[in-house]
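Notes follow the structure.
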Amino acid sequence: MQFAIKRLARSIIGLGGRLGQSMRPRGSGAELAVFCFHDITDDPARFEMEHGLAVSSQVFRAQVQWICENFDIIHPNDIGNPASLPRRGALLTFDDGFHGSFENGIRWLSSCNLPCVMFLNMRTIVERRPMLSAIVCYLERTDERFRVFADSIGLRRPYYLTATPNALGEFEQRHGPIELDAALSYQGALADPATLETWRNDRNVTYGNHLLDHWNAAALTRPELEEQYERNERMLAKIGNPSGLFAFPNGQPGSCWTNRDVDVIKRLGAVRVFSASGRVNRSPGDFVLDRIAIGPSDDTWNRLWYRYLRARSRGPLPAV
Ligand SMILES: [Zn+2]
């Protein structure tokens with residue numbers, strides 16, 4: 001299936017004629033590079049610029065062309081059968097459900113018959129509220145009272161990795177409701193429920209779990225993490241068959257997730273968990289797979305090769 005996907009994609013995006021040189025046999029020794037995108041937009045919001053989350057449509061297409069040229073893009077359904085994976089496979093993923101990632105990313109990928117996974121925080125979509133990271137970054141940059149409060153209760157910086165539901169609740173009790181509309185403008189637009197509905201039956205689009213609100217898993221108690229996963233999973237189930245794919249918000253082992261969190265998510269039924277610390281997966285059958293985040297500075301094939309080869313040189317994910 002992967003080769004068929006690639007052949008069609010090539011013919012559409014103008015890479016025909018070079019298929020033969022990159023056909024690779026399958027079997028043992030397969031490697032899987034999982035690429036992680038966020039927003040695809042020519043008009044990024046401030047939060048996206050501060051965190052390198054937005055890639056222009058033109059750069060995105062060039063990045064995907066590089067991936068098509070050098071990897072065999074797989075469908076997420078193929079992850080469950082590692083023996084069938086190509087020698088140098090790639091999986092395309094998006095995080096957070098930005099509006100532009102659907103309009104400028106998924107729409108084009110699907111027209112090229114290229115599959116991807118979108119990891120969603122369903123509360124942000126359904127209630128039209130910013131993700132937790134953006135709320136905390138917004139407060140940190142605009143509200144002196146928040147900085148004083150955070151320091152007074154011992155939150156370490158960056159606050160979006162250490163903030164807890166209790167801490168944010170206490171801040172709102174003391175100082176009143178957070179200006180969510182302003183935080184949303186700072187963050188950038190997310191998709192709406194109608195957009196999710198539009199893509200739910202597209203065979204190239206798979207939805208995954210990214211926690212309900214995008215809290216940092218390592219900052220949550222076990223019951224909080226369970227609730228964030230399960231409520232999000234229930235909301236995802238309403239718009240399609242659950243994929244069992246889960247991506248930790250923020251993604252770094254240790255500061256963002258630990259083995260405790262992996263155990264919790266596994267016990268709740270996930271079939272694969274994704275990190276984001278820039279490694280190529282040399283054992284694609286592992287339960288925890290790593291991802292390589294691709295951003296606006298990865299705008300030439302040389303830079304993409306550099307990022308990939310650096311990722312490939314790293315050892316396996318550490319035990320945390
Ligand atoms: Zn995220």
Side-chain angles (χ1 to χ4, degrees), residues 34-41 44-55 60 76 91-102 105-106 116-138 140 158-165 168 183-184 186-191 195-196 205-220 224-225 228-229 231-233 235-236 243 245-258 261-262 265 270 272-279 288-296:
V34 186
F35 294 101
C36 172
F37 297 94
H38 288 83
D39 201 0
I40 313 300
T41 177
R46 185 153 196 161
F47 173 71
E48 297 180 282
M49 288 192 282
E50 288 171 353
H51 295 270
L53 302 180
V55 170
F60 174 69
L91 177 65
L92 306 181
T93 71
F94 293 87
D95 282 4
D96 307 336
F98 281 97
H99 172 76
S101 59
F102 282 91
I106 286 176
C116 66
V117 184
M118 169 61 82
F119 290 103
L120 293 164
N121 317 101
M122 286 303 292
R123 192 171 176 207
T124 66
I125 305 284
V126 171
E127 297 185 16
R128 312 299 303 267
R129 56 184 280 133
M131 66 182 106
L132 189 278
S133 315
I135 292 174
V136 171
C137 290
Y138 171 77
E140 181 177 357
Y159 297 135
Y160 71 91
L161 296 184
T162 56
T164 64
L168 215 60
L184 199 53
Y186 161 73
Q187 171 196 266
L190 299 176
T195 301
L196 266 54
V205 181
T206 300
Y207 295 144
N209 191 331
H210 199 39
L211 296 184
L212 187 67
D213 295 293
H214 208 280
W215 290 100
N216 195 49
L220 298 178
E224 286 169 344
L225 179 58
Q228 280 280 311
Y229 178 89
R231 284 182 63 190
N232 203 43
E233 198 69 5
M235 292 173 84
L236 282 166
S243 66
L245 304 178
F246 172 78
F248 281 113
N250 311 308
Q252 298 297 315
S255 59
C256 307
W257 59 269
T258 65
D261 307 319
V262 172
I265 302 301
R272 283 291 188 285
V273 161
F274 292 86
S275 173
S277 63
R279 289 170 164 82
V288 182
L289 295 174
D290 205 20
R291 297 188 293 166
I292 304 167
I294 299 292

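Treat the numbers as computed from the prediction; the structure is a model and nothing was measured. Just so you know, ligand 1 is whichever comes first in the structure, and atom 1 is the first atom listed for that ligand. Values below: all heavy atoms of this structure, side chains included; hydrogens, waters and symmetry mates excluded.
- Inspection of the environment of the Zn ion (ligand 1) yields the following protein N, O or S atoms under 2.8 Å: Asp96 OD1, His210 NE2, His214 NE2.
- Note on ring orientation: taking the six-membered ring where Trp is involved, the planes of Phe248 and Trp257 are parallel (angle under 30°, cut-offs 30° and 60°).
- Remark: His99 engages Glu103, Ala189 in a side-chain contact (heavy atoms from CB on, under 4.5 Å) (not counting sequence neighbours).
- Side-chain N/O atoms of Asp96 and His210 include a donor and acceptor closer than 3.5 Å.
- Residues passing the side-chain contact (heavy atoms from CB on, under 4.5 Å) test with Ala276, sequence neighbours excluded: Arg291.
- Among residues two or more places apart in sequence or in another chain, the side-chain contact (heavy atoms from CB on, under 4.5 Å) test is passed with Ser277 by Gln252, Pro253, Ser275, Arg279, Asp290, Leu317.
- In this pair, Phe37 and Phe94 present their aromatic rings tilted. The plane angle is within the 30 to 60° band.
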